[in-house]
Asker: 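Below: one structure in structure tokens.
Since this is a predicted model, take the numbers as computed values, not measurements. Letters A, B, ... mirror the listed sequences (proteins, then strands); counts begin at 1.
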Amino acid sequence: MVRTRFAPSPTGYLHIGGVRTALFNWLFARKHGGQFILRIDDTDEARNVDSALAPILHGFRWLGIDWDEGAEVGGPHGPYYQSQKLPRYREVVRQLVQRGAAYWDYATPEELKAEREAAEKEKRSWLYSRRWMAQNETARRRFEAEGRKGVVRLLMPREGACEFVDHIRGQMKIDWASEQDHVIQRADGTVLYNLANVVDDFDMKITHVIRAQEHLSNTPRQLFMIDALGYPRPEYAHLPFVAEPGSSNKLSKRKLDAYLKNADFKKVHERAVAIAQAIGLKTAADTFNPVIVDFYEQVGYLPQAIINYLLLLGWSLDDKTEIFTRQQMLDAFTLERVNKSPASFDVKKLSAFQERYMMALPLEEKIERVTPFLVKAGLVGDPVPRDTIAQIVAAAGERLKIAGDILDYADFFTPDEALPLDEKIFDKRLRKPPGARELLRACRDALAEATAFDAASLEQLLQSFVQTKGVELGDIVHALRVAVTGKGVGFGLFETLAILGKERCLSRIDRALQRS
RNA sequence: GGCCCCGUCGUCUAGAGGCCUAGGACACAGCCCUUUCACGGCUGCGACACGGGUUCGAAUCCCGUCGGGGUCACCA
């Protein structure tokens, strides 16, 4: 039975790189009919774990990454919160000491620092001398009588090498002599990450450890403990990290300002900010940030688009397949096809996936996704004018790239007298062209005579109108558009007129004529 | 600095000695379609980090150089 896990710290947000790691774990487990566990790394006794965890769990659920055991769902191998396992950890520390794989150490931080600096001065690599290592209980008592506080360190081998196979990197071999005697239990009795990690993976029967490359260097020390304890070794796969746009540094939430210098990144961010502001969301960098998954949900991206993009960030099936359903992902995914080198996060490419998925979305679902934005922006009330929204969504077609884009068509819901006008376009299409006003007035009269006000009839009407006037369709279309929408761009004009209806069209045209 | 990892178009990638005058996708540019904006179609731009080997033949194998990154905590 394959069992994988993802172990987030409760930080209050779900990082895009973390999602990729979780996704690969999830895919691997599901592909092999195994289980995926969501365990919480809160050894740092973070207060407020619940509120810091909620956005993370919410993010996973939104993306459709479900877990069989762990936070909130429980399971037979709990507790799944490290903060609740201290007695268990200390028991394992005791076992390690008993087996001679770890020892009590009484060096003070100053003494350690002095040793390290002496080594640096002589330009030799430093390994702890074990001078304050307690060989036995008597020695422990003696050190403690001096008022020293003890930590527990691993008694690492200083000869030979640690060997293991990594599913992505192949055979690994690291000299033991490059490994320090790592502390596993602090002076205050709490334990460190590496120890907790080994114990949890064992307790939860994890078979495959799929994690970020930064943990590669933790592997030998963990393996040392696993072997000393007689635990079965899990299999390993160290993923390359997700890099910044246009650089090979690790993607970080804190560097938004720098990323915004990237034109693509900036464009996507600006678009999202506009939507967020229209629906009254805060856009501070620590919550509203393209590095955080929440960002995408808030402005109306589709979870399947994000998943598909992330799947291809560091993994590929072949030279052409890009779109994957969940089932196809499960069928195709293998660790061996994960890339070795870091892949940078390209928010523009993510947008391209979003556009493709959005285009493929059935009309009904688009309406579902789009409506909350209109509600939050205060443009529609209760009851929601579903038919109008449906007409707009249909007419907007592929212009709706994210659900929040519906706010581009806010002017359908604005009262006629409050319609904002783009002055530049207004000048260009109505005030400047000679005869434009007169033509619009004539057109208004023609529209007033219309008996049918659907798009097809309106097209006929306007076609014959321009014919009798001896002008081109283009001569009236632009003036009409700016008159009824206040803007220079939008979807088909006939659809626009039809959705507004005769009365509102005429009222808007009248207002435009007055103001020209 | 020690140890470890990585290095194909701007970006994601295909590539396991001849299928490679290196393929696809995103981005970008131009053209076409078009009532605007999108969509779509076509075309273009554009990479094997460098230097040595091995071989009839190397993006692919070996060595070195350079470059980038990770890690060296009583953080996770």
Asker: When rounded to the nearest Å, what value does the distance between C1' atoms of B:U8 and B:C4 take?
Answerer: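 Between the two C1' atoms, the distance is 24 Å.
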Asker: Considering only heavy atoms and no angle criterion, is a donor-acceptor pair shorter than 3.5 Å present between the side chain of A:N218 and the base of B:A76?
Answerer: yes
Asker: B:G64 and B:C6: how far apart are their P atoms, nearest whole angstrom?
Answerer: 15 Å
Asker: How are the rings of A:H15 and A:Y13 set to each other: parallel, tilted or perpendicular (split at 30° and 60°)?
Answerer: tilted
Asker: Can you classify the ring geometry of A:W132 versus A:Y128 as parallel (below 30°), tilted (30 to 60°) or perpendicular (above 60°)?
Answerer: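 Ring orientation, 0 to 90° scale: parallel.
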Asker: Check whether the side chain of A:K349 and the base of B:A25 form a donor-acceptor pair under 3.5 Å.
Answerer: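 Side chain to base: pair present.
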Asker: Check every strand shown and say whether A:Y309 touches a base, only sugar-phosphate, or nothing at a heavy-atom separation below 4.0 Å.
Answerer: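 Nothing, no nucleic acid heavy atom in range.
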Asker: Reckon A:G397 touches a base, only the sugar-phosphate, or nothing at all at heavy-atom distances under 4.0 Å?
Answerer: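 Nothing, no nucleic acid heavy atom in range.
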Asker: Could you check A:S217 against A:K348 and say which one's nearest nucleotide on RNA chain B is further toward the 5' end?
Answerer: A:K348
Asker: Anything under 30° is parallel, anything over 60° is perpendicular, the rest tilted; go ahead and classify A:Y296 against A:F345.
Answerer: perpendicular
Asker: A:M359 has an atom CE; how far is it from atom C1' of B:C26, in whole Å?
Answerer: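 Nearest whole value for this atom pair: 13 Å.
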Asker: Does A:E159 CD have over 12 foreign heavy atoms under 6.0 Å away?
Answerer: no
Asker: For a quick check of understanding: with a heavy-atom distance under 4.0 Å over all strands, which category does A:K487 fall into, base, sugar-phosphate or nothing?
Answerer: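 Counting heavy atoms under 4.0 Å across all strands, no contact is made by A:K487.
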Asker: NA contact type, A:R356, heavy-atom cut-off 4.0 Å: base, sugar-phosphate, or nothing?
Answerer: nothing
Asker: If you measure from the ring centre of A:H215 to the centre of the six-membered ring in the base of B:A76, is it under 5.5 Å, with the planes under 30° apart?
Answerer: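 Yes; centroid distance and tilt both under limits.
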Asker: Would you verify whether the NZ or CZ of A:R20 falls within 45 degrees of the ring axis of A:F24 while also being under 6.0 Å from that six-membered ring's centre?
Answerer: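 Geometry flag: set, cation within 6.0 Å and 45°.
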Asker: Which sits closer to the 5' end of RNA chain B, A:F491 or A:R116, going by the nucleotide each is nearest to?
Answerer: A:F491
Asker: If we call it a pair only when both distances are under 3.5 Å in a Watson-Crick or G-U wobble match, what pairs with B:U71?
Answerer: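 B:U71 is paired, partner B:G2.
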Asker: Report which part of the nucleic acid A:L312 touches: base, sugar-phosphate, or nothing (heavy-atom distance under 4.0 Å, all strands).
Answerer: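 Counting heavy atoms under 4.0 Å across all strands, the contact made by A:L312 is with sugar-phosphate only.
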Asker: Quiz question: going by heavy-atom distance under 3.5 Å, is there a donor-acceptor pair between the base of B:C5 and the side chain of A:R169?
Answerer: no
Asker: Classify the nucleic acid contact of A:D475 as base, sugar-phosphate or nothing, counting any heavy atom under 4.0 Å across all strands shown.
Answerer: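 Nothing: the residue A:D475, judged by heavy atoms under 4.0 Å, touches no strand.
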Asker: Grab the CD1-P distance between A:I406 and B:A38 for me, whole Å please.
Answerer: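 Rounded to whole Å, this separation is 18 Å.
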Asker: Find the distance A:D422:CG to B:U36:C1' and express it as a whole number of Å.
Answerer: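 Checked: the CG to C1' distance equals 12 Å.
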Asker: Give me the distance, rounded to whole Å, that separates B:U21 from B:A47 when you measure between the P atoms they each carry.
Answerer: 15 Å
Asker: Return the nearest nucleotide to the side chain of A:L192; candidates are B:G40, B:A76, B:U13.
Answerer: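 Selected nucleotide: B:A76.
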Asker: Need one value for A:V151: base, sugar-phosphate or nothing, where a base atom within 4.0 Å counts as base even if backbone is also close, heavy atoms only.
Answerer: base
Asker: Could you give the OH-to-P distance, from A:Y128 to B:C74, as a whole number of Å?
Answerer: 11 Å
Asker: So does A:W126 get a backbone contact from the side chain of A:R116, meaning a donor-acceptor N/O pair under 3.5 Å?
Answerer: no
Asker: Over all strands shown, is A:A352 touching base, sugar-phosphate only, or nothing at heavy-atom distances under 4.0 angstrom?
Answerer: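 Here A:A352 touches the backbone only, sparing every base.
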